[in-house]
Amino acid sequence: MTLKDKVALVTGGSRGIGRSVCVRLAGAGAFVFINYARNEEAARETLRLVGQAGGSGKIVRFDVADDRATAEAIAALIREKGRIDILVNNAGESRDGLLVRMKEQDWGRVLDTNLTGAFHCCRAAAYAMMKQRGGRIINVSSLVALSGNAGQANYSASKAGLIGLTKSLARELAPRAICVNAVAPGLIDTDMTSAMTEEQREKILEGIPLSRLGTPDDVAGVVLFLASDEAGYITGQVIGVNGGLYM
Ligand code: NAP
């Protein structure tokens with residue numbers, strides 16, 4: 001799969017799944033803009049790994065929940081490279097809690113980052129892709145968008161919203177040959193899931209037919225495929241990457 005001469009933006013590229021996606025896209029030849037919100041050191045490490053994979057890229061800081069900052073940053077990178085071919089909406093956060101104790105701000109912040117953030121990025125990138133008559137948008141949703149999860153009402157709602165966004169944009173942008181898909185990872189070993197106790201992990205592992213947690217690279221491989229020419233007839237789909245945990 002080659003992405004030679006393609007320009008990609010990966011939100012939340014500083015760590016976890018986003019970092020692997022940056023490395024895989026860059027390894028296939030894309031120039032990758034590595035977005036992050038706070039952690040510049042981690043973003044620089046992703047850039048180093050991109051270079052190690054023989055690729056090139058640049059780090060770019062903005063908070064996807066901030067409409068103006070996102071629009072300005074994406075307009076600037078489109079000006080710099082003259083195009084944008086691949087947008088991976090991966091930035092995400094969780095603030096778990098049971099419904100009756102969930103604070104308004106924990107509901108709002110998770111929706112703002114995970115769902116509204118993706119909307120901001122899609123809106124900022126779509127016009128250039130429409131003019132180019134081609135592009136790929138890949139939204140990182142979650143298994144819990146489909147299954148639900150106690151204690152994650154805000155997170156699951158945001159990720160389910162991403163699936164609605166994906167399918168609507170797939171229909172809206174198809175006439176310009178822009179494919180929009182989502183991946184729905186199961187339990188992936190990253191900072192986001194590191195707070196789990198050993199006992200919680202063991203319990204979840206019992207329900208995973210492939211008997212292991214996923215790696216960021218398991219997800220990145222699917223994102224790479226969806227970004228490639230090989231996936232040119234796939235749009236509006238949600239691809240589970242979960243070891244069989246949810247079928
Ligand atoms: P992670 O290791 O916690 O990394 C989160 C990334 O998102 C970081 O790069 C972070 O940047 C960035 N980010 C957070 N808020 C942001 C904002 N407002 N603006 C820009 N960037 C922001 O998470 P992960 O596990 O790799 O998850 C990546 C995506 O996969 C998320 O959307 C998550 O919901 C989804 N997912 C994860 C799992 C899993 O089991 N891990 C399962 C299903 C879905 P900084 O480094 O600057 O903080």
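All values below were derived from every heavy atom in this structure, side-chain atoms included, with hydrogens, water molecules and symmetry-related copies excluded. Just so you know, ligand 1 is whichever comes first in the structure, and atom 1 is the first atom listed for that ligand. The first residue of the sequence shown is numbered 1, and numbering continues consecutively from there.
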For atom 24 (P) of ligand 1, which candidate among Thr46, Val219, Thr190 holds the nearest heavy atom? Thr190
With a cut-off of 4.0 Å, which atoms of ligand 1 are near a heavy atom of Asn39? 45 (P), 46 (O), 47 (O)
Report yes or no: do Leu3 and Val88 belong to one cluster of Ile/Leu/Val/Met/Phe/Trp/Tyr joined by side chain heavy-atom distances under 4.5 Å? yes
Enumerate the atoms of ligand 1 whose separation from the nearest heavy atom of Arg109 is less than 4.0 angstrom. 18 (N)
Considering non-hydrogen atoms of the protein only, which is the closest contact for atom 13 (N) of ligand 1, and what is the distance? Ala91 CB, 4.0 Å
Considering only non-hydrogen protein atoms, determine which one is nearest to atom 11 (O) of ligand 1 and report residue, atom name and distance to 0.1 Å. Ser14 OG, 3.2 Å
Below the 3.5 angstrom mark, is there an N/O of Leu143, backbone or side chain, next to an N/O of ligand 1? no
Test of understanding: with side-chain contact (heavy atoms from CB on, under 4.5 Å), list the residues that count as partners of Ala160, not counting sequence neighbours. Ala145
Please check if Leu173 and Tyr127 belong to a single hydrophobic cluster, counting links between Ile, Leu, Val, Met, Phe, Trp and Tyr side chain heavy atoms closer than 4.5 Å. no
Should the pair Lys58-Glu80 be classified as a salt bridge under the 4.0 Å nitrogen-to-oxygen rule? yes
Taking distance alone, with N or O pairs closer than 3.5 Å, would you say Gly12 contacts ligand 1? yes
Geometry only, no angles: is Pro185 polar-contacting ligand 1 at N/O separations under 3.5 Å? no
Identify the closest protein heavy atom to atom 38 (C) of ligand 1: which residue and atom is it, and at what distance? Gly186 O, 4.0 Å
Ion pair Asp217/Arg24, N-O distance below 4.0 Å: yes
With heavy atoms only and a cut-off of under 4.0 Å, state how Thr113 meets ligand 1: side chain, backbone, both or neither. side chain
When you check the gap from the basic side-chain N to the acidic O, do Asp106 and Arg101 get nearer than 4.0 Å? no
Could you check whether any side-chain heavy atom of Ile178 comes within less than 4.5 Å of a side-chain heavy atom of Met130, counting everything from C-beta outward? yes
Scan the side chains in residues 64-76 for donor-acceptor partners under 3.5 Å anywhere in the protein, sequence neighbours excluded, and list what turns up.
{"unit_1": "Asp66", "atom_1": "OD1", "unit_2": "Arg68", "atom_2": "N", "d": "3.2"}
{"unit_1": "Asp66", "atom_1": "OD1", "unit_2": "Ala69", "atom_2": "N", "d": "3.1"}
{"unit_1": "Asp67", "atom_1": "OD1", "unit_2": "Arg123", "atom_2": "NH2", "d": "2.9"}
{"unit_1": "Asp67", "atom_1": "OD2", "unit_2": "Arg123", "atom_2": "NH2", "d": "3.3"}
{"unit_1": "Arg68", "atom_1": "NE", "unit_2": "Glu72", "atom_2": "OE2", "d": "3.3"}
{"unit_1": "Thr70", "atom_1": "OG1", "unit_2": "Asp63", "atom_2": "O", "d": "3.2"}
{"unit_1": "Thr70", "atom_1": "OG1", "unit_2": "Val64", "atom_2": "O", "d": "3.4"}
{"unit_1": "Thr70", "atom_1": "OG1", "unit_2": "Asp66", "atom_2": "O", "d": "2.8"}

Are Leu165 and Met129 connected, step by step, through hydrophobic side chains (Ile, Leu, Val, Met, Phe, Trp, Tyr) whose heavy atoms are closer than 4.5 Å? yes
Quick test of your reading of the structure: of Ser141, Ser20, Gly92, whose heavy atom lies closest to atom 44 (C) of ligand 1? Ser141
Are Val222 and Ile234 connected into the same hydrophobic cluster when the rule is that any two of I, L, V, M, F, W, Y join if their side-chain heavy atoms are below 4.5 Å apart? yes
Nearest heavy-atom approach of Asn90 to Gly12 is ND2-O, 2.9 Å
With a heavy-atom distance limit of 4.0 Å, tell me whether Ala37 approaches ligand 1 through its side chain, its backbone, both, or neither. both
With a heavy-atom distance limit of 4.0 Å, tell me whether Lys159 approaches ligand 1 through its side chain, its backbone, both, or neither. side chain
Please identify which atoms of ligand 1 are closer than 4.0 Å to at least one heavy atom of Leu187. 40 (O)
Under a 4.0 Å threshold between the charged nitrogen and the carboxylate oxygen, would Arg44 count as salt-bridged to Glu41? no
Check each atom of ligand 1 against the heavy atoms of Phe62 and keep those under 4.0 Å away; list them by number with element. 19 (N), 20 (C)
Could you check whether Arg95 pairs with Glu93 (Lys NZ or Arg NE/NH1/NH2 to Asp/Glu carboxylate O, under 4.0 Å)? yes
Do the side chains of Met192 and Leu187 join up, straight or via other hydrophobic residues, at under 4.5 Å, putting them in one cluster? yes
Identify the closest protein heavy atom to atom 47 (O) of ligand 1: which residue and atom is it, and at what distance? Arg38 N, 2.7 Å
To the nearest 0.1 Å, how far is atom 1 (P) of ligand 1 from its closest protein heavy atom, and which atom is that? Arg15 NH1, 3.9 Å
Please work out whether any backbone atom (N, CA, C, O) or any side-chain heavy atom from C-beta onward of Thr11 is under 4.0 Å from ligand 1, and answer side chain, backbone, both or neither. neither
Counting each atom of ligand 1 from 1 as listed, which ones have a heavy atom of Ile17 under 4.0 Å away? 26 (O), 30 (O), 37 (C)
Any ion pair linking Asp189 and Arg201 (charged N to carboxylate O, less than 4.0 Å)? yes
Does any N/O atom on Ile188 come nearer than 3.5 Å to any N/O atom on ligand 1? yes
Within ligand 1, which atoms have a heavy atom of Asp63 less than 4.0 Å away? 17 (C), 18 (N), 19 (N)
Option set Asp191, Val88, Thr116, criterion heavy-atom distance to atom 2 (O) of ligand 1, minimum: Asp191
Identify, by atom number and element, the atoms of ligand 1 in contact range of Val140, meaning under 4.0 Å from any of its heavy atoms. 29 (C), 30 (O), 35 (C)
With a cut-off of 4.0 Å, which atoms of ligand 1 are near a heavy atom of Tyr155? 33 (C), 34 (O), 35 (C), 36 (N), 37 (C), 43 (C), 44 (C)
Can you figure out which of Thr70, Thr193, Asn90, Val64 has its heavy atom closest to atom 28 (C) of ligand 1? Asn90
